[in-house]
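Report on the following structure.
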Amino acid sequence: MEKDNEKEGKIKVIANSGFKFNPFFNLDFLCFPSLPGNLNSMEKQGLLRLICGALALLSISLVNAENPYRFYTWTVTYGTISPLGVPQQVILINGQFPGPKLEVVTNDNIILNLINKLDEPFLLTWNGIKQRKNSWQDGVLGTNCAIPPNSNYTYSFQTKDQIGSFAYFPSTQFHKAAGGFGALNVYQRPRIPIPYPVQDGDFTLLVGDWYKTSHKSLQESLDAGRSLPLPDGVLINGQTHSTFTGNQGKTYMFRVSNVGLSTSLNFRIQGHKMKLVEVEGSHTLQNLYDSLDVHVGQSLSVLVTLDQAPKDYYIVASTRFSRTVLTATAVLHYSNSNSPVSGPLPAGPTIEVDWSVKQARTFRWNLTANAARPNPQGSFHYGKIVPTKTIVLATSAPLINGKQRYAINRVSYVNSDTPLKLADYFNIPGVFSVDSLQSLPSGGAAFIATSVLPTALHDFVEIVFQNNEHSMQSFHLDGYDFWVVGYGYGQWSQASRNSYNLVDALTRHTAQVYPNSWTAILVSLDNQGMWNLRSAIWERQYLGQQFYLRVWTQTQSLANEYDIPPNALLCGKAMGRHL
């Protein structure tokens with residue numbers, strides 16, 4: 001792990017256990033030092049922001065001094081590769097496609113200087129990282145100004161009380177269709193046990209659909225009001241063929257994330273059972289599966305024992321619920337194998353919705369296992385809490401001004417030139433609306449707005465995603481994980497609560513919603529900030545199927561939310577404001 005991270009530009013610093021930082025200490029003399037004259041302006045600016053970002057985290061995170069800091073510098077560029085056999089422009093990070101793998105430990109502090117060498121503004125978001133009290137670092141356009149070309153921004157965040165398999169990807173424009181994504185694996189602290197034997201090795205698999213068409217052309221089609229066609233193929237770690245090598249008799253963890261744009265995938269390994277142990281930071285009941293559905297934006301981890309004859313075996317990722325089944329393969333290679341892969345690909349489900357629903361209901365919380373903390377997951381009895389509010393979110397695909405859009409409760413979201421978080425902080429009027437999006441569906445024509453749904457800190461909310469369309473959908477909430485308590489067909493009603501799992505429902509950050517069906521979640525709003533709730537289907541997100549939850553309290557305190565970082569980029573109506 002260390003060798004790989006060294007190549008990715010990481011320097012690991014262990015904080016002095018005797019150091020206590022005063023969060024109210026004036027940092028001006030440190031954020032604006034004299035720098036060597038041989039640095040150009042870009043290098044000086046980058047170094048200043050790196051210093052300020054690190055000090056900002058020190059000043060506001062209030063973490064224990066023993067939590068280590070990990071420093072990275074990433075440069076984002078274009079490159080030309082041929083993932084599906086056709087040369088095309090992709091987004092590289094430090095020259096890599098997919099991007100570098102972030103491997104960190106629970107409560108690590110990440111200081112990541114991102115240098116944008118593209119011809120467009122750019123941001124990365126950290127899918128599933130909760131950014132506790134710190135939506136300033138979420139990396140979406142509602143919280144952050146995009147990094148201009150030939151400039152940089154230093155992210156400073158902590159993997160606070162988290163463990164598991166996650167991913168990062170671009171949140172700006174349609175950049176995700178060009179790459180810029182990568183794995184973010186959070187390992188347990190040494191003193192925190194995990195509910196399974198330590199694996200003999202780790203394999204990370206980023207699976208997803210892919211277009212041969214450039215991301216700019218895809219974006220132009222969407223801007224013109226046209227839907228995208230079916231993808232051209234499926235990739236595993238940016239390739240159509242790759243190999244994973246292990247030793248016979250050993251057990252390996254396969255960390256699988258669907259980083260694609262639109263398509264659910266089924267994952268399987270020829271001749272091998274997969275033991276599900278973790279889903280997006282939750283330890284699960286350890287059921288065995290022949291294949292697993294992984295929907296867009298979701299991640300999971302399975303243990304696989306190499307207990308078969310020494311040969312090579314197919315690893316398969318194939319599309320679900322699509323008219324044409326697209327497939328990518330990789331190879332599981334036993335180190336003592338002399339036999340190449342053979343036989344037909346292991347069969348998987350294709351269009352069967354009921355199969356997927358039944359499987360999803362088998363994903364259960366391991367109540368006796370801890371997650372990132374020592375206390376058992378089941379010590380929080382979510383099913384005994386009465387929700388303070390019910391929010392029903394109905395999706396639609398309207399035409400607005402003759403162009404294809406996507407909406408939630410009739411509102412199709414548009415980004416503001418000013419991040420909502422900055423507008424909120426500086427009390428800038430007219431940037432977003434708290435009245436446009438209603439908490440229940442209503443009749444009428446769809447319309448465009450920059451919609452924010454106000455909620456109170458410590459609300460316990462029931463959210464129902466109502467899919468009235470014939471397509472598969474997937475929804476993600478930044479800043480949180482939530483209990484997925486129910487799936488059902490048709491229209492949700494209050495009687496649907498009788499089918500909820502109020503004992504051992506899984507917590508996760510992204511939930512699938514089946515065609516003409518509903519999915520219900522419960523979420524404890526204990527993380528103050530401005531948080532993006534969006535479709536993980538990227539065309540839908542881009543064309544308006546998203547909004548922001550403003551989780552707020554009148555009591556302003558660093559115990560509830562960190563202050564604006566001193567290196568925050570300012571744009572739009574916030575330009576020129578004093579931090």
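These figures come from a predicted structure and were not determined experimentally.
At distances below 3.5 Å, not a single donor-acceptor pair connects side-chain atoms of T319 with backbone N or O atoms of S322. Listed for the Q466 side chain is a donor-acceptor partner under 3.5 Å among the backbone atoms of G490. The backbone N or O of V104 sits nowhere less than 3.5 Å from a side-chain atom of R70 that would complete a donor-acceptor pair. Not one N or O on the side chain of S416 forms a donor-acceptor pair closer than 3.5 Å with the backbone of P419. The main-chain N or O of G128 is found under 3.5 Å from a side-chain atom of Q162 such that the two form a donor-acceptor pair. The closest donor-acceptor contact from the side chain of S396 to the backbone of P398 lies at 3.5 Å or more, if one exists at all.
Shown here for Q473 and I537, the closest heavy-atom pair between the two residues is CA-CG1, 4.3 Å. Here the closest non-hydrogen pair linking Y78 and K216 is OH-CE, 3.7 Å. Heavy-atom minimum distance, I111 versus T154: CG2-CG2, 3.7 Å.
Here the rule is ring pair (Phe, Tyr, Trp, His ring centres under 6.0 Å) with Y548, and of Y413, F432, W531 only Y413 fits it. Each of V76, L118, L124, L123 was evaluated against P170; a single residue qualifies, L124, per the side-chain contact (heavy atoms from CB on, under 4.5 Å) test.
Using a 4.0 Å cut-off between charged side-chain N and carboxylate O, D417 and K573 make no salt bridge.
Counting only residues at least two apart or in different chains, salt bridge (charged side-chain N to carboxylate O under 4.0 Å, His left out) contacts with residues 507-520 comprise E280-R508. Judged as a salt bridge (charged side-chain N to carboxylate O under 4.0 Å, His left out), the pairs with a partner in residues 529-541 (not counting sequence neighbours) are, in order, E469-R540, D478-R534.
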Could you list the donor-acceptor pairs under 3.5 angstrom formed by side chains in residues 351-358, with sequence neighbours left out?
from : atom 1 : to   : atom 2 : distance (Å)
E352 : OE1    : T350 : N      : 2.6
D354 : OD1    : Y489 : OH     : 2.9
D354 : OD2    : K358 : NZ     : 3.3
S356 : OG     : D293 : OD2    : 2.8
S356 : OG     : Y514 : OH     : 2.8

Only pairs under 3.5 Å count here: list side-chain donor-acceptor contacts from residues 230-240, not counting sequence neighbours, and write none if there are none.
from : atom 1 : to   : atom 2 : distance (Å)
D232 : OD2    : K212 : N      : 2.7
N237 : OD1    : L206 : N      : 2.7
N237 : ND2    : T204 : O      : 2.9

Item to check | Intermediate values then yes/no, salt bridge (Lys or Arg N to Asp or Glu O under 4.0 Å), D202 and K101 | outcome: CA-CA 12 Å; D202 263 33; K101 182 166 54 177; over 6 Å; no
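With sequence neighbours excluded, the residues forming a side chain to side chain contact (heavy atoms under 4.5 Å, CB included) with P87 are T80, S82, listed by chain and number. Not counting sequence neighbours, the partners of D290 by the side-chain hydrogen bond (donor to acceptor under 3.5 Å, both in side chains) test are K273.
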